[in-house]
Amino acid sequence: MVRSMTGFGRGVTTTEQLQLTVEIRSVNHRFLEISTRFPKDWTEAEVYAKKVLSTKVARGKLDVSAYVKELTPLGQAVQINWPLINAYKEAREELRKQIPLEEQWSMSEILELDQALTLQVKELPQEEIVSAVNKAVEVAATALIQMRQREGQELVETIRSFKKALEEQIAIIKSISPQAVEKYREKLVERIKEISQVDNLEERLLTEVAIFAEKADIAEELDRLTSHLKQLDETLQEDTSIGRKLDFLMQEIHREINTIGSKNQSVEAAAAVVQAKSILEKMREQVQNIE
């Protein structure tokens, strides 16, 4: 199913200790780029989330954010830095030999020692963090993909309507093209009659008209356009990432229309070419949104 590259998804999972919310926002991008904002100690879970998303999404810029709400305090513990305290003790005993100091330490004196006591918050096991992230990311990614699919179907319908309008302009060009040679012949006859009497007029006309017809012939371009538009229809029915393929087809269609425009010799065809380019530009804007 065709997907857009823009979308949003949210996933929430709850454990005994926390509630985790993961939000994914995606916008257009030439390749796949995933940016994450996770708690600083969740590196393993962050890497895992990127790996999971890279298997689900082919293109687009994804911003992934994790929000954590504690439900149950994880607990705290005081860590005693015994090597540091023993070093202070030895230094204090040395000082007592030179200056009067009390033999016993007070608790306030110990607390004033830098880094003697440190407060530590218990951490969740990495396995539990990764499991919670996995569940939240799966839910968020599912919602994101569903939104991208809905928008993708809307894009397909829009592109098909532009394709139909483009085919109408191509049909106009195709119907007008044979008239260009005859009009050129008529103008050439008038011009030659105005400037001089030319022997073998018919032979001269045939030569000039043949040269013009060869230069103005757009049959090959029209055939290639028909082929490209057929490929466009087939591509829109594919169940894979088709954005880059559509980009290529837009370039090829644009090239053929440009060539037709450069060969054009009639006002009517010129108007149809301008209209075709305008429609194609709108189509290309929509294609830029497809994964």
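Residue indices begin at 1 and follow the sequence shown.
Side-chain contact between L18 and T15: present, with at least one pair of heavy atoms (C-beta onward) separated by less than 4.5 Å. At a threshold of 4.5 Å between non-hydrogen side-chain atoms, the residues R25 and L62 do not count as touching. Looking at heavy atoms from C-beta onward, I260 lies in side-chain contact with L225 at the 4.5 angstrom threshold. Looking at heavy atoms from C-beta onward, E138 lies in side-chain contact with K56 at the 4.5 angstrom threshold. Within the 4.5 Å cutoff, the side chain of M250 has heavy atoms near those of the L232 side chain. Residues W42 and V130 are not in side-chain contact: their nearest non-hydrogen atoms beyond the backbone lie 4.5 Å or more apart. In this structure the side chain of F38 never reaches within 4.5 angstrom of the side chain of T43, judged on heavy atoms. Using a 4.5 Å heavy-atom cutoff, the side chains of Q153 and V2 are in contact.
With rounding to the nearest 0.5 angstrom, the CD atom of E151 is 11.0 Å from the OG1 atom of T158. If you take NZ on K50 and CD1 on I34, they are separated by 7.5 Å, rounding to the nearest 0.5 Å. Taken to the nearest 0.5 Å, the CZ atom of F8 stands 13.5 Å off from the CD atom of Q146. Between the CD1 atom in I253 and the CD1 atom in I279 there is a gap of 12.0 Å [rounded to 0.5 Å]. Atom CG of L166 sits about 10.5 Å away from atom OG of S278, to the nearest 0.5 Å. In this structure, the separation between OG1 on T259 and NE2 on H254 is 10.0 Å, given to the nearest 0.5 Å.
The salt bridge (charged side-chain N to carboxylate O under 4.0 Å, His left out) contacts involving residues 218-232 comprise E220-R224, E221-R224, E221-K263, R224-E256, where partners must be two or more places apart or lie in separate chains.
Taking both residues in full, the closest heavy atoms of A143 and G9 are given as CB-CA, 3.8 Å, listed atom of the first, atom of the second, then distance. The heavy-atom pair separating P39 from V68 by the smallest distance is CG-CG2, 3.9 Å. The two residues A272 and I173 make their nearest non-hydrogen contact at CB-CG1, 3.5 Å. The minimum heavy-atom distance linking V27 with T6 is given by the pair CA-CG2, 4.0 Å. Residues S54 and L32 come closest through the heavy atom pair CA-CD2, 3.8 Å. Residues E238 and I242 share a closest heavy-atom pair of OE1-CG2, 3.7 Å.
For R160, the CZ atom is densely surrounded, since the number of other residues' heavy atoms within 6.0 Å is greater than 12. Other residues, nucleotides and ligands contribute only 12 or fewer heavy atoms inside 6.0 Å of the CD atom of E16. The number of heavy-atom neighbours closer than 6.0 Å to NZ of K163, taken from other residues, nucleotides and ligands shown, is above 12.
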Using the side-chain contact (heavy atoms from CB on, under 4.5 Å) rule, take K277 and N258 through it: C-alpha gap first, then chi angles, then the decisive distance, then the call. CA-CA 8 Å; K277 287 183 178 181; N258 265 346; 2.9 Å; yes
If you apply the rule side-chain contact (heavy atoms from CB on, under 4.5 Å), what do you find for E268 with I172, and how did you get there? CA-CA 9 Å; E268 295 86 351; I172 292 173; 5.9 Å; no
Could you walk me through whether F248 and H228 satisfy the side-chain contact (heavy atoms from CB on, under 4.5 Å) test, starting with their C-alpha distance in whole Å, then the side-chain angles of each, then the deciding distance to 0.1 Å, before giving a yes or no? CA-CA 10 Å; F248 174 76; H228 294 331; over 6 Å; no
Using the side-chain contact (heavy atoms from CB on, under 4.5 Å) rule, take L246 and L236 through it: C-alpha gap first, then chi angles, then the decisive distance, then the call. CA-CA 9 Å; L246 290 177; L236 290 174; 4.2 Å; yes
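L249 and L229 fall within the same hydrophobic cluster, defined by Ile, Leu, Val, Met, Phe, Trp and Tyr side-chain heavy atoms under 4.5 Å apart, directly or through other members. Criterion: ILVMFWY side-chain heavy atoms under 4.5 Å apart, direct or through other members. Under it, V139 and V12 are not part of a common hydrophobic cluster. Using a 4.5 Å cut-off between side-chain heavy atoms of Ile, Leu, Val, Met, Phe, Trp and Tyr, with links allowed through other members, L20 and V52 fall into the same hydrophobic cluster. Both F162 and L155 are assigned to one and the same hydrophobic cluster, defined by single-linkage of ILVMFWY side chains at heavy-atom distances under 4.5 Å. Under the 4.5 Å side-chain heavy-atom criterion for Ile, Leu, Val, Met, Phe, Trp and Tyr, L53 and Y48 are members of the same hydrophobic cluster.
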Under 3.5 Å, which donor-acceptor pairs link side chains of residues 282-291 to any protein atom two or more places apart or in another chain?
from, atom 1, to, atom 2, distance (Å)
Q288, NE2, D247, OD1, 3.2
N289, OD1, N28, ND2, 2.5
E291, OE1, R148, NH2, 3.2
E291, OE2, A58, N, 2.6

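Residues satisfying the side-chain hydrogen bond (donor to acceptor under 3.5 Å, both in side chains) test with K61, not counting sequence neighbours, are D63. Under the side-chain hydrogen bond (donor to acceptor under 3.5 Å, both in side chains) criterion, E46 pairs with T36, sequence neighbours left out. Take K164 and apply the side-chain hydrogen bond (donor to acceptor under 3.5 Å, both in side chains) test, not counting sequence neighbours, and it matches no residue. S65 is linked by a side-chain hydrogen bond (donor to acceptor under 3.5 Å, both in side chains) to R37, counting only residues two or more places apart in sequence or in another chain.
The backbone N or O of E127 sits nowhere less than 3.5 Å from a side-chain atom of S131 that would complete a donor-acceptor pair. Side-chain atoms of S26 come within 3.5 Å of backbone N or O of M5 as a donor-acceptor pair. Put simply, the side chain of R10 never gets that close to the backbone of E23: no donor and acceptor are under 3.5 Å apart.
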